[in-house]
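Per chain, numbering begins at 1; letters A, B, ... match sequence-line order.
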Number of protein chains: 2
Amino acid sequence: MTLTRTDREILKLMQQDATITLGVLAERVGLSPSSAQRRLQKLREERVILRDVSIVDPRKVGRPVSMLVEVELERDRPELLPPFMRWVTETPEVQEAWGTSGRGDYTLVITAQSVEHFDALADRMMELNRNIRKFTTSVVLKTLKRGLAVPVD
Amino acid sequence: MTLTRTDREILKLMQQDATITLGVLAERVGLSPSSAQRRLQKLREERVILRDVSIVDPRKVGRPVSMLVEVELERDRPELLPPFMRWVTETPEVQEAWGTSGRGDYTLVITAQSVEHFDALADRMMELNRNIRKFTTSVVLKTLKRGLAVPVD
DNA sequence: GTTGAAACAGAGACAGA
DNA sequence: TCTGTCTCTGTTTCAAC
């Protein structure tokens, strides 16, 4: 799908605030409301917009602790990789996970109620995934920025 | 603000799909539509829900490259810390940033059009922030999971 | 918690550039 | 094909009860 300048403006606005009305959105990008709506629909159909979600403040729901975890897996046990990926996907405390080059094989962002809860989660992780050679955790002291917004220029 | 079981159910659903109608939301949590609406409004007023956003697929807008960057700052130049934080906040390619204990002082998630674009961004980062002692970058090979959803149980 | 009125969203049909 | 207008139904929003 080829994105027009207008599509990109729509994406920019919707990444800032998805509760914006079609009328306001249309006005800001110089379209009629129905055209803006059709563009939006197309962007969703084509999976440029994957979904719309509410962003919840972790501190307000009892999860003030974040951890960054670098996991190093045993490379000679490839049959244990899919279970590890499934564990990552299915564990809601794992907010984000990337497989990377460099030191650690995988980096996880984890949200927890406390360091004790995190510790229990890390224990479960080690038990359920016997291919974890080691992992290093960094405690998040300050969250400077959090978001999934992508520049669209 | 004290969260009821119903509030938590609302948060769970809204984190999955914020385009859900009030009628459906109300039905799922066992409320009338107008009550569900007032709950939602309260959750937004109290900043439990920070905002609602569209999630855009980076690959569909020409940003297939992600990097994790660990930055180590000179500790004896505290006057350069606020400018660094401002740079992080104002640079849209930096999607997320945490100040951490452990090896690196700061960890950044960066989205880029290509490794060359990332390289140029890293150069600008070094030029604009003379307190960066060193940084290590990990190329993201696989994105297993991406999201900001918080478990609310 | 319910009702009701006005604004808004979503989807379809239609005509014009 | 993309845009704007029109139209209809269902939804949201907010005030009043």
Check your understanding: Taking only side-chain nitrogens and oxygens of A:Q41, does any of them come within less than 4.0 Å of OP1 or OP2 of C:dA11?
Key -> yes
Could you list, one pair per line, each protein nitrogen or oxygen that sits under 3.5 Å from a nitrogen or oxygen of nucleotides 5-7 of chain C, together with the distance?
none

Practice item. Kindly write out the residues that satisfy side-chain contact (heavy atoms from CB on, under 4.5 Å) with B:E27, not counting sequence neighbours, or none if the list is empty. Key: none
Exercise for review: Quick one: list whatever passes side-chain contact (heavy atoms from CB on, under 4.5 Å) with A:T19, sequence neighbours left out.
Suggested key: A:D17, B:R44, B:D52
Review point. Within less than 4.0 Å of OP1 or OP2 of D:dT5, is there a side-chain N or O belonging to A:S32?
Key: no
Exercise for review: Applying side-chain contact (heavy atoms from CB on, under 4.5 Å), name anything that partners B:K134, two or more places apart in sequence or on another chain.
Suggested key: B:E72
Practice item. Quick one: list whatever passes salt bridge (Lys or Arg N to Asp or Glu O under 4.0 Å) with B:E96, sequence neighbours left out. Key: A:R146, B:R146
Study note, to complete from the structure: Quick tally for nucleotides 7-13 of chain D: nucleotides whose base has a protein heavy atom under 4.0 Å get B, sugar-phosphate-only ones S, the rest -, giving ----SSB
Practice item. Output all residues satisfying side-chain contact (heavy atoms from CB on, under 4.5 Å) with B:E9, sequence neighbours left out; order by chain, then residue number. Key: B:R5, B:V29
Practice item. May I have the distance from B:K42 (atom NZ) to C:dG1 (atom C1'), rounded to whole angstrom? Key: 17 Å
Review point. Expressed in angstrom and rounded to an integer, what is the separation of A:E27 atom CD from D:dG4 atom C1'?
Key: 16 Å
**Study point:** Sequence neighbours excluded, every pair satisfying side chain to side chain donor-acceptor pair (under 3.5 Å) that has a member inside residues 114-125 of chain B
**Key:** B:S114-B:E116, B:S114-B:H117
Exercise for review: Please evaluate the base of D:dG4 for a donor-acceptor partner in the side chain of A:R38 within a cut-off of under 3.5 Å?
Suggested key: yes
Study note, to complete from the structure: Residue pairs passing the ring pair (Phe, Tyr, Trp, His ring centres under 6.0 Å) test with at least one member in residues 52-91 of chain A, sequence neighbours excluded, are A:F84-A:Y106
Review point. Nearest-Å distance, CD (A:E45) to P (D:dC2)?
Key: 12 Å
Review point. For D:dT3, does either OP1 or OP2 sit under 4.0 Å from a side-chain N or O belonging to A:S35?
Key: no
Check your understanding: Taking NZ, NE, NH1 and NH2 as the nitrogens, is one of them in B:R133 or B:D105 under 4.0 Å from a carboxylate oxygen of the other?
Key -> no
